[in-house]
Structure formats: C-alpha cells, structure tokens
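Below: one structure, written as structure tokens.
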Amino acid sequence: MKKFSIRKNVFIPLCAIYVFVIILGVVTPDGFAAVENAISGFAADWFGWAYQLVTIALVIISAWALFSKKIGSIRIGGENAKPTMSKWSWFVICLCSSIATGIVFWGIAEPITHYVNGIPGLCEGGTRLSALYAISTCYMHWGLPLYAYYCAIGIVIGVCVYNVGLPYNVSSSLYPLLGDRANGKIGDVVDLLCVFGIAGGVSACLGVAAMQLGSGIGILGNFKPTAVHWAIITAVIVVVFIAGSYSGIGRGMRWLSDKNTKIYFLLLIYVLFVSQTKEVLAMSTESLGFFAQNWIVQDTYLGVMADGVGTSMWPTWWTINYWSFAIAYTPLMGMFFAKIAQGRTLKEFSLYTFVLPGAFGMIWFGIFGSAAIYMEANGAGIYDTMSALGVEATVFAFFENLPLSKILDIAFLFTAFLSVVTLCDSMTTTIASITLKGEGLADEEPPGWSKIFWGVVMALLAFVNIFVAGITGNTSGINATKLLAITCAFPLLFVIIAMVISCFKLLANYHEKYEPKAAAEAGKEERTESEALPH
C-alpha cells in the first residue's frame, strides 16, 4: 500500500469542529438542540425553494447523460479504461451503499403517515386521494429524484478526476467553474464542508439504525430499549463496518451488498404474494401514473398557505429533510460511485446509479406502501402502533399482519443491519480518502487507522444527537436525526448549486475543451507505465 499523509487544511479543522460539537452536546444539551433548531428552521424557511429547484436540475443532468449519445458515450477514466467489477456487483454496491436504513425504516412509516394524516393543502387524510399522494410522494422521495443527486454529482466528479486528471477531491468538480482556484483554499473549504455534511448525515443514519434495531430486538425480547441499548447497537455497527472496510471494496462490501440485495428481493416477492396482491399491483400502478402527472407539483410544493393563511411545516419535515440527507451524502457518494465506475460510459453510469436504484426504490414503496395502506384501511391499526411505540416500531406492526411474522422480523433486522453497515463502510472509506493526500489516492484504499478514526467520530456524534433528544425532551429521537441532517447539510446546499453549474459547463464543453486534456493525461500515464517496465 502506498503511503499517504494527512491533509492538514481539512483534517485539523474538522477534528476541532467535531470535538466542539460533541462536547457541546454532552455539556449543554439544550444549547445543542437550540442550534440545530435555529439552523434547520432558517434553512427551510429561506431556502426551501432552492432545495426543490436543485433536485429538478439534477434530474435533468442525469437524464441528459442517459439519453444523449454525445454525452453518454464519454467513458470514465478515458477511452481505454476497463471496468473493475461485473455489472451485478456494480449495481448491488450502488444500491446498498446508498439505501442505508432508508427504505427499510420508512417503507411502511412514510406511506402510512401520509395516508392517515394527508398532506396540508393537497389532500385530506384517509381518502383515495391521500393514498395516491402517499405512494406518489414516496416515489419522489425514494425513487429517481433521490438518485439523481448521486448520479449527476458522480458524473462531474468522475469526469474531472479520472478524465481531466484532477486530484481525488470533491473540490475538483468545481474546476470547470473556478479553474485552478478549485484546488486551492476554496477547494479546502469545499472539501471540509463536504466531510462535515456527510459525517452529520451518516451519524443521523446511525442514530436511526440504532433506534430501529433496538425497537425490533425489544419487540422480540419483550423489553423497552434505552439509550444504553442504542449505544451498544451503534458500537456493534461501527466494529462491523470498520472490519468490512479493512477487506476493501472488492471483497467485504461486494459480499455484503450481494447478500443484502438478494434479501431485499426475497422480502419484496414474499410481501407481494402474501398480502393483497391484486390491490397492491393496482395501487402501485395507478400511483405511478399519478406521480408521472404530478411530480413537478409535488417537488416544488412548499406548503404555502396550506391552511389558507400560514405556511405548513410539512415540507421541512419531509421533502426538505430528504433532500438534506441527499445533499449531505451526495458529494462523497458521488466520489465513491465514480471510483467504482471507472471504465463505464456516462450512459451506463446513469443507468446503474440513477435508473435502476431509483426504480428499485419505487418498486419497494409501491409494494410495501400499498400493502400497508390496504391493511390500515381495513383496520390493522398500524398507525396507532406507530403513535404509541414510535416510528421505529411501524414495520414490525406491519409484519404482524403477515404469515411468519417473527421470521420476517428477524430477516428485516438482519437486512437493516447490513444496510447501515454497507453505507457506513463506503462513506468511511471516502471520508478517510478526502482527509488524506498522496499520489494514487483515487485508486488505493486509505489506511485502516483513518477509517477507524472517522468511524468512531460518526458513532459519537450519532449517540450525542439521540442523547440530547432524550435529555431535552424537545423532540423525538427520529426528529433529532432529521434536524442533524438538515443542520449539517445546509452549508453544502450552496456547494451543490455550484457543482450543478459546473457539471452543465463540463458536459457542454467536454469534447471541445476537456477531451484533449483527458487524452493527454491518458498518454502521460501510458508513458509512465512504459518507463517503469524493465528493458
């Protein structure tokens, strides 16, 4: 393994920030909660429109790469680059490293909530319209628009790093917009913000996983989980994903993703055929048409005058929260997706990071969400259980209405565990890479100590966030994770806007301006390899 050194301009400030945040959460929980609430409220009130419009722009970029022959033919790594893994392995890693606990946690809770409560200003709860809006909204939150974030930003990072020959940093993606300044002081600030955002996002995800796994284990073991149980679960997750990181992308993550995806498909097939199959297929299909007709309306919905006068908080707690999670993950997820996509064209990249994972998310919510809504409409009481025991208990209440519910509970817990481990594995590897410097970093695994360090940091932040929610009592543990994601991702919103502009400039001018440079870089590498061979 090559030797890398610490990138001090990024590593040291980040350490200082996280030490401060963790100490603030432990020493003054009320102060920690107040800061989270203030920043998240400001972000949603003043910049909600920006989150929505950025999402539409990212979908346009992803579709452009998919359907444009000229753009889609660009190969990450240059014309002579070869793929490093099979298409199946590539797909399952892209899917599992981006899902985390998302679809397994919200697959029942979100559609049930929208169906029962309705969406302010759009539909009343408990109606046919609220059922369609519920599934359609999940299609938006967990389908193609979500994966457009990872795809579009992965494109600009991948082409800038592997084709243009820029350093393996998120800031390199701004080269078409800023030129050489992208890898100077401005670049350091951008990379620092990206790591801050992703650490907050992963910490929030760890918190959700700890609560859901704790809830499931508590139901199976007939006890109520506490903060001690959450801490133990978080520690186990961290140990497992650090161990997986040591195995590298080619072994540990590929194995985890393969097994996890197969369990996902088995759960989907089982739920489809043991629930109300005919009705589930009908609702999923009708909701797809509803989504196609109303996507722009739903994506730009900001709750304006929802009650005839005031603005609803619904978009803050749902759509803006989801886009905040996406923004927090996007820069480093884009780096990771680009790293494993060398040798693939942008058309293939869009297909495997935008279309296929997005379609899987829509199928998951179409089946699970439709089945749950039909159960609730027939008196299953899933929403009442969620209200009494918390959002994290919803999926287990759903399984109670299916045959072999205890086996499903165990399978689900295993799947949720593997999901969060896979996400943390990929993101810890990428965070470690961006806080180091050295030649060959784009292709090599970062050293183990750096993965352990960032794994521990994110685990501490996750536990502090849930701990603060429990101490202050101002918000639930789940809402605390939402606040953490919005808070950490807010500064990154402006970075993503700059990256979107940069991506449009890069793709529009690639063949005229950047392709010659890419060819020169490829020739330079070939000469270097040739000179290294014995004569």
Side-chain angles (χ1 to χ4, degrees), residues 101-119 123-139 141-142 208 211-225 263-264 266-288 290 314 318 361-416 476 478:
T101 54
I103 64 169
V104 293
F105 187 86
W106 292 106
I108 305 299
E110 182 174 352
I112 282 289
T113 300
H114 300 332
Y115 167 67
V116 172
N117 294 334
I119 300 175
C123 62
E124 296 293 328
T127 64
R128 162 185 152 76
L129 187 59
S130 71
L132 292 175
Y133 261 114
I135 303 300
S136 177
T137 299
C138 293
Y139 286 167
H141 289 162
W142 299 98
V208 170
M211 285 185 286
Q212 185 167 49
L213 291 170
S215 175
I217 295 169
I219 289 170
L220 293 174
N222 197 28
F223 67 90
K224 184 176 181 179
I263 296 174
Y264 283 144
L266 287 174
L267 284 171
L268 274 175
I269 293 168
Y270 182 80
V271 170
L272 174 62
F273 286 107
V274 301
S275 62
Q276 294 163 289
T277 307
K278 180 180 69 175
E279 288 80 6
V280 166
L281 290 172
M283 181 178 285
S284 300
T285 303
E286 190 169 345
S287 297
L288 180 63
F290 191 84
W314 188 97
W318 291 102
M362 294 171 72
I363 292 169
W364 182 278
F365 276 88
I367 292 175
F368 273 76
S370 298
I373 286 173
Y374 270 105
M375 289 179 187
E376 186 67 18
N378 286 285
I382 298 173
Y383 184 80
D384 291 338
T385 301
M386 180 174 71
S387 301
L389 300 179
V391 177
E392 57 269 29
T394 311
V395 70
F396 303 106
F398 169 75
F399 285 147
E400 286 298 318
N401 295 277
L402 297 175
L404 306 176
S405 60
K406 294 304 179 185
I407 295 175
L408 288 173
D409 288 346
I410 295 170
F412 181 81
L413 287 173
F414 184 66
T415 304
S476 68
I478 294 300

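From a predicted model like this one, the values you see are computed outputs, not experimental measurements. Numbering of residues begins at 1 and proceeds along the displayed sequence.
Side-chain contact between Thr137 and Glu110 is present, with at least one heavy-atom pair separated by less than 4.5 Å. Residues Thr385 and Phe398 form no side-chain contact, since every pair of their non-hydrogen atoms from C-beta on lies 4.5 Å or further apart. Two residues are said to be in side-chain contact when any heavy atoms from C-beta on lie closer than 4.5 Å; Phe223 and Ile217 meet this criterion. Residues Thr113 and Thr394 have side chains not in contact (no heavy-atom distance under 4.5 Å, counting atoms from C-beta outward).
Across Ala371 and Val271, no two heavy atoms sit closer than the pair CB-CG1, 4.4 Å. Contact detail for Ser370 and Ser284: the closest heavy-atom pair is OG-OG, 3.4 Å. Considering all non-hydrogen atoms of both residues, Pro403 and Leu408 come closest at O-CD1, 3.7 Å. Taking each heavy atom of Gly366 and Ile135 in turn, the nearest pair found is CA-CG2, 4.3 Å. Closest heavy-atom contact between Gly118 and Ser130: CA-CB, 4.4 Å.
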>> Before you tell me yes or no, could you show the steps for Asn401 and Ile382 under side-chain contact (heavy atoms from CB on, under 4.5 Å), namely the whole-Å CA-CA distance, both residues' side-chain angles and the distance that decides it to 0.1 Å?
In response: CA-CA 9 Å; Asn401 295 277; Ile382 298 173; 4.1 Å; yes

>> Tyr139 vs Ser287, test: side-chain contact (heavy atoms from CB on, under 4.5 Å). Steps then yes/no.
In response: CA-CA 9 Å; Tyr139 286 167; Ser287 297; 3.9 Å; yes

>> Could you go through Leu413 and Leu220, starting from their C-alpha distance and side-chain angles, then the distance that decides it, and tell me whether this counts as side-chain contact (heavy atoms from CB on, under 4.5 Å)?
In response: CA-CA 11 Å; Leu413 287 173; Leu220 293 174; 3.6 Å; yes

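Although no hydrogens or angles enter the test, the distance criterion places a donor-acceptor pair under 3.5 Å between the side chain of Thr277 and the main chain of Leu272. Trp142 places no side-chain N or O within 3.5 Å of a backbone atom of Phe365 that could act as its donor or acceptor partner. Glu376 places a side-chain N or O within donor-acceptor distance of the main-chain N or O of Tyr383, the cut-off being under 3.5 Å.
Summarising the geometry, atom CD1 belonging to Ile373 is positioned 12.0 Å from atom CG belonging to Asn378; distances are rounded to the nearest 0.5 Å. Leu132 contributes atom CG, which lies 11.0 Å from atom OH of Tyr115 (distance to the nearest 0.5 angstrom). Separating the CG atom in Asn117 from the CD atom in Glu124 is a distance of 11.0 Å, to the nearest 0.5 Å. The distance from the CH2 atom of Trp364 to the CH2 atom of Trp106 is 15.5 Å, given to the nearest 0.5 Å. For the atom pair Cys138 SG and Ile103 CD1, the distance stands at 11.5 Å (nearest 0.5 Å). Atom OH of Tyr270 is separated from atom CG of Leu404 by 4.0 Å, given to the nearest 0.5 angstrom.
Residues satisfying the ring pair (Phe, Tyr, Trp, His ring centres under 6.0 Å) test with Tyr133, not counting sequence neighbours, are Phe290.
The stretch residues 402-414 participates, sequence neighbours left out, in no side chain to side chain donor-acceptor pair (under 3.5 Å) pair at all.
A ring-centre distance under 6.0 Å is found for Phe412 and Phe396. For Trp318 and His114, the ring centers sit closer than 6.0 Å to each other.
For Phe414, the CZ atom is loosely surrounded, since the number of other residues' heavy atoms within 6.0 Å does not exceed 12. For CD of Glu279, the number of neighbouring non-hydrogen atoms (other residues, nucleotides, ligands) closer than 6.0 Å is greater than 12.
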